[in-house]
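Worksheet for the structure shown next.
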Amino acid sequence: MNRDIILQTKGLGKYFLQPQKFKVLDDISFEVAKGEFLTIVGKSGCGKSTMLYCLSTMDTDYEGELYIGNEKATGKSTDKLATLRNESIGFVFQFHYLLPEFTCLKNVMIPALKLAKYSYQEVEERAYQKLEMLGLQDQALKEASKLSGGQQQRVSIARALINDPAIIMGDEPTGNLDSKNTQIVFEIFKQLSQDFGQSIIAVTHDNDFAKASDRTIEMADGKIINHDKIFE
Amino acid sequence: MRLNVNYEIALTHILTRKKQTLVASMGVTIGIALYIFSNSIVSGFGVYSKNNMFKSAPHIRVYNKDKISQPLFKSTNSIVVIQNQKITTLSNNIVNPFRLLEDIKSETYIRYAAPQVNVDMFYINGKSQLKGVGNGVKILEADAMFNIQSTMLAGNLQTLTSDLNAIVIGSGVAEKLNVGIGDNITLSSAQGVRKIMRITGIFSTSNKAVDESKSYIHISTAQQLVLQSSDYVTDIYASISKPDEAEIYATKLQEITNYDVEDWKTANADQLAQDNMLGTMTPLISFSIMLVAAFGIYNILNMTITQKMNDIAILKANGFKGKDIIKIFVSEAFIMGFIGTLLGLTFGFILVSIMQTVYIGPPIGYFPIFHDPKVYATGAVFGLFVSLGAGYFPARNASKIDPVEIFRK
Ligand SMILES: Nc1ncnc2c1ncn2[C@@H]1O[C@H](COP(=O)(O)OP(=O)(O)OP(=O)(O)O)[C@@H](O)[C@H]1O
Ligand SMILES: [Mg+2]
């Protein structure tokens with residue numbers, strides 16, 4: 001079966017030089033298919049976040065190669081990568097990162113306004129939809145800094161979805177959420193991957209969450225030790 | 001039309017930190033206000049000083065300069081030496097002056113031209129004598145040119161139109177000879193002519209040397225004092241509509257006459273050099289003021305950026321480019337600069353307006369300062385430009401922030 005590959009790494013490696021030189025990522029090679037819901041697990045400090053930053057194209061200081069869609073991302077200029085991120089990658093951070101002085105709605109709208117594919121009104125409408133999906137319609141006009149941690153995290157998920165990116169990356173996207181909201185987010189991810197062909201790459205410590213995804217990669221000490229972890 | 005996202009973000013930053021914006025703007029406000037104030041003083045002073053010169057010096061003067069003896073034959077192969085050279089000019093009047101006057105008047109750039117007979121002489125009152133220069137004028141023309149009326153302290157200038165025995169003297173002459181309006185005074189010329197005149201007016205320029213020597217008399221009286229007929233004229237004074245370009249018109253005028261043509265800038269070179277010195281100091285002072293204002297913006301923006309590292313990282317993660325970040329923060333600097341400049345122009349305007357009402361007293365009158373559009377225009381451009389410059393460097397640093405480094409913390 002020939003699957004459409006949306007993201008691929010070849011021999012990805014990365015060093016940290018401080019406090020002393022050590023290899024935080026070692027020969028990471030894997031593929032993510034279009035519409036795949038992939039989770040990544042591993043002990044704290046094994047390099048999951050570090051890898052995700054490389055995949056997100058924000059960190060360009062690595063060896064090996066990264067392909068997104070059919071394009072080689074490795075070696076592209078930072079401006080080209082910024083445009084690529086804007087169009088094709090939605091990112092949910094481990095610690096919810098919103099712009100504090102802006103309303104939730106504006107926070108969600110900003111990447112879409114940057115993309116400028118839709119008119120302002122359309123962007124506003126779409127942003128409302130995404131917030132509604134995550135149960136935040138009542139908070140839309142509140143300043144982001146006045147929300148609870150879990151609410152902020154859900155706003156940042158809404159923001160990651162706004163440009164209908166081909167890939168949604170999350171670093172413990174449900175880390176701050178209660179079981180009910182975790183369930184909601186899971187369902188959203190599931191639906192996006194199944195119905196809209198968007199790929200999900202989510203780092204998680206939640207075994208149930210991982211178990212329910214399409215595939216789970218397990219990492220240890222900067223290496224992939226299992227490409228399709230089986231939970232029992 | 002909606003604002004571009006970058007500007008919308010900049011505007012939100014500005015609106016959510018009004019106090020810092022205001023503090024940064026205040027720097028520019030003070031800078032621009034001082035800039036306008038100091039430059040208005042300088043340009044006001046320049047105009048005052050020029051007007052002052054024009055009270056006694058014409059824009060252009062045509063006269064017959066003393067010439068030194070020259071060899072009769074120019075020899076190419078030998079050097080001719082004349083010992084004990086003398087001034088050869090028999091008299092320093094202009095031959096056929098009214099013909100030349102008409103020629104000068106017919107030049108398009110000439111506004112007024114008037115003949116004048118200047119006579120070196122003594123003012124005598126009893127035993128006291130004072131050396132001076134009598135300016136034989138047609139008073140109406142001379143007044144049109146020099147605005148003599150504005151320097152009058154007492155008496156009446158109009159008497160000179162017809163009264164051949166009337167004299168208007170400088171305040172210094174009056175003081176030294178202890179005479180006043182209505183008193184008689186004797187004039188004595190080098191040709192030995194003595195005339196008793198009645199003082200009908202006293203003027204005061206702010207130039208002491210002029211006030212202690214100069215007087216106005218009827219041109220015919222002056223001609224009588226030097227035993228000459230009515231076509232004896234020593235100087236033709238001309239005024240032009242663009243005095244600042246006097247040297248250009250002087251060269252033009254030189255083309256139609258062999259007499260010496262001198263523009264006011266050449267005649268007042270010393271005074272102008274002083275004014276220029278003041279003129280070069282102010283840009284330096286303005287520059288330092290603006291540097292301080294720029295530093296205010298630079299500091300506040302740097303502070304904002306330090307506090308907004310997270311936001312910058314998020315924006316970059318979401319696809320904002322380095323140049324978007326630069327645009328955001330330069331716009332913020334521009335808004336601060338714009339507010340500051342606008343307030344600065346207003347305060348500067350108020351300061352200048354207040355100074356205009358300050359009365360210093362004669363001979364200066366009101367403080368010589370005025371609203372010079374050029375000063376306001378350069379002030380505005382200067383303020384905005386400096387703000388943009390001060391904003392650019394912190395903004396460029398912000399654009400180089402590595403988002404991953406921020407997120408890892
Ligand atoms: N800037 C840095 N300089 C040096 N070492 C770093 C830096 N950032 C992370 N590390 C180290 O790299 C390793 C991988 O870190 P990373 O954040 O990727 O772990 P992780 O798998 O995401 O852990 P967690 O599950 O706790 O989030 C850790 O040992 C960490 O101490
Ligand atoms: Mg992590």
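We name chains A, B, ... by the order of the sequence lines, and we start the count at 1 in each one. The model shown is predicted, which means the values in this text are computed figures rather than measured ones.
- Only the side chain of Leu315(B) comes within contact range of chain A, with at least one heavy atom under 4.5 Å from a heavy atom of that chain.
- The most heavy-atom pairs under 4.5 Å with chain B, out of Ser49(A), Pro100(A), Ser56(A), come from Pro100(A).
- Not counting sequence neighbours, the partners of Lys321(B) by the side chain to side chain contact (heavy atoms under 4.5 Å, CB included) test are Asp79(A), Ala82(A), Thr83(A), Lys323(B), Asp324(B).
- Contacts of Asn310(B) with chain A are made by side-chain atoms alone, with heavy-atom separations under 4.5 Å and no backbone atom involved.
- Taking 4.5 Å as the limit, every side-chain heavy atom of Leu192(A) sits out of range of all side-chain heavy atoms of Phe37(A).
- Checked against salt bridge (charged side-chain N to carboxylate O under 4.0 Å, His left out), Lys130(A) has the following partners two or more places apart in sequence or in another chain: Asp164(A).
- With no hydrogens or angles considered, a side-chain donor-acceptor pair links Ser353(B) and His371(B) at under 3.5 Å.
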